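Read through the structure below, which is laid out as structure tokens, and then see the notes.
Quick caveat: nothing in here was measured; it's all calculated off a predicted structure. Atom set for the values below is all heavy atoms of this structure, side chains included, hydrogens, waters and symmetry mates excluded.
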Amino acid sequence: MLIPSWLWLVTLGICGVFTTVLGTVHFWFPVLLDFANAIPKTGSPIKPFRLGPIHVTTKRSDVHGIAWVMNHAASYTLVSIGIVDLLAVYWINSPIQWMVALWIAIWWFIRAASQLYLGRRPGDWWILVGFAWLGIVHVGVALFV
């Protein structure tokens, strides 16, 4: 039995709310996860950044800053995906539906697999499954709506 379009829209609405909230909270992860103590700005020197002919002296504050930059980039992406899901009524059943849904699905699958960088505790597996479920929902939208 095929799932009606309205149910897909409701499901994407739920995904959109979750993703927007997650993205908003993500802006504050460096504070919530105590990055300042985990990545102290003072201490022994760290090795310089080297990439081919590029050699840059790296300070601990640079690494701390990169953590903030990466969190803000992830936050922006999450909030954007959440808004796109909340606006699904405008792109479902349109020619771009499969591109939008698969782009988001791939993002969620990458995020799910990346959870293993944090560990393999039971909670990590639950988070991986939850993010993979978000990817599966978007594959479903791409293929079956």
Side-chain angles (χ1 to χ4, degrees), residues 1-41 43 46-52 54-56 58-145:
M1 176 170 125
L2 292 175
I3 299 171
S5 290
W6 68 266
L7 190 53
W8 285 110
L9 287 170
V10 169
T11 303
L12 286 177
I14 293 167
C15 292
V17 169
F18 169 79
T19 305
T20 302
V21 170
L22 178 62
T24 302
V25 171
H26 226 288
F27 276 106
W28 302 105
F29 270 15
V31 172
L32 296 172
L33 295 174
D34 197 18
F35 281 26
N37 283 317
I39 308 169
K41 291 183 181 178
I46 58 176
K47 66 182 186 175
F49 174 80
R50 296 176 190 255
L51 183 62
I54 301 170
H55 298 260
V56 179
T58 308
K59 300 182 294 183
R60 290 176 167 274
S61 60
D62 296 329
V63 175
H64 187 73
I66 290 292
W68 275 94
V69 168
M70 292 180 351
N71 256 277
H72 281 81
S75 298
Y76 179 81
T77 302
L78 285 164
V79 170
S80 297
I81 289 171
I83 291 169
V84 169
D85 277 350
L86 290 170
L87 297 175
V89 68
Y90 296 106
W91 56 267
I92 274 203
N93 294 317
S94 77
I96 64 166
Q97 171 183 311
W98 68 273
M99 288 185 291
V100 172
L102 286 180
W103 178 81
I104 294 172
I106 291 167
W107 193 91
W108 279 119
F109 290 138
I110 290 169
R111 178 56 189 89
S114 297
Q115 186 64 30
L116 296 177
Y117 291 129
L118 298 172
R120 288 172 169 73
R121 299 162 292 191
D124 294 313
W125 289 103
W126 282 111
I127 291 169
L128 183 149
V129 168
F131 289 152
W133 179 84
L134 290 165
I136 291 166
V137 165
H138 287 85
V139 168
V141 169
L143 299 177
F144 302 117
V145 176

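Here the shortest heavy-atom pairing between Ala132 and Ala112 reads N-CB, 3.6 Å. The two residues Pro30 and Phe27 make their nearest non-hydrogen contact at CD-O, 3.8 Å. Of all non-hydrogen atoms in Ala67 and Ile39, the two that sit nearest each other are CB-CD1, 4.1 Å.
By the side-chain hydrogen bond (donor to acceptor under 3.5 Å, both in side chains) test, Trp68 pairs with His64, sequence neighbours left out. For Phe109, there are no ring pair (Phe, Tyr, Trp, His ring centres under 6.0 Å) partners two or more places apart in sequence or in a different chain.
Sorted by first then second residue, the side-chain hydrogen bond (donor to acceptor under 3.5 Å, both in side chains) pairs that include residues 77-101, not counting sequence neighbours, are Asp85-His138. The salt bridge (Lys or Arg N to Asp or Glu O under 4.0 Å) contacts involving residues 109-130 comprise Arg121-Asp124, where partners must be two or more places apart or lie in separate chains.
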Show me the donor-acceptor pairs within less than 3.5 Å that the side chains of residues 100-107 make with the rest of the protein, sequence neighbours left out.
none

With a cut-off of 3.5 Å and sequence neighbours excluded, list every side-chain donor-acceptor pair involving residues 3-18.
from: Trp8; atom 1: NE1; to: Ile3; atom 2: O; distance (Å): 3.4
from: Thr11; atom 1: OG1; to: Leu7; atom 2: O; distance (Å): 2.8

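In this structure, Phe49 has its ring center at least 6.0 angstrom away from the ring center of His55.
Checked against Trp108 for a side-chain contact (heavy atoms from CB on, under 4.5 Å), the options Val137, Val139, Ile81 give a single hit: Ile81.
Here the CG atom belonging to Leu78 is positioned 6.0 Å from the NE2 atom belonging to His26, to the nearest 0.5 angstrom. Atom NZ of Lys47 sits about 9.5 Å away from atom OG1 of Thr58, to the nearest 0.5 Å.
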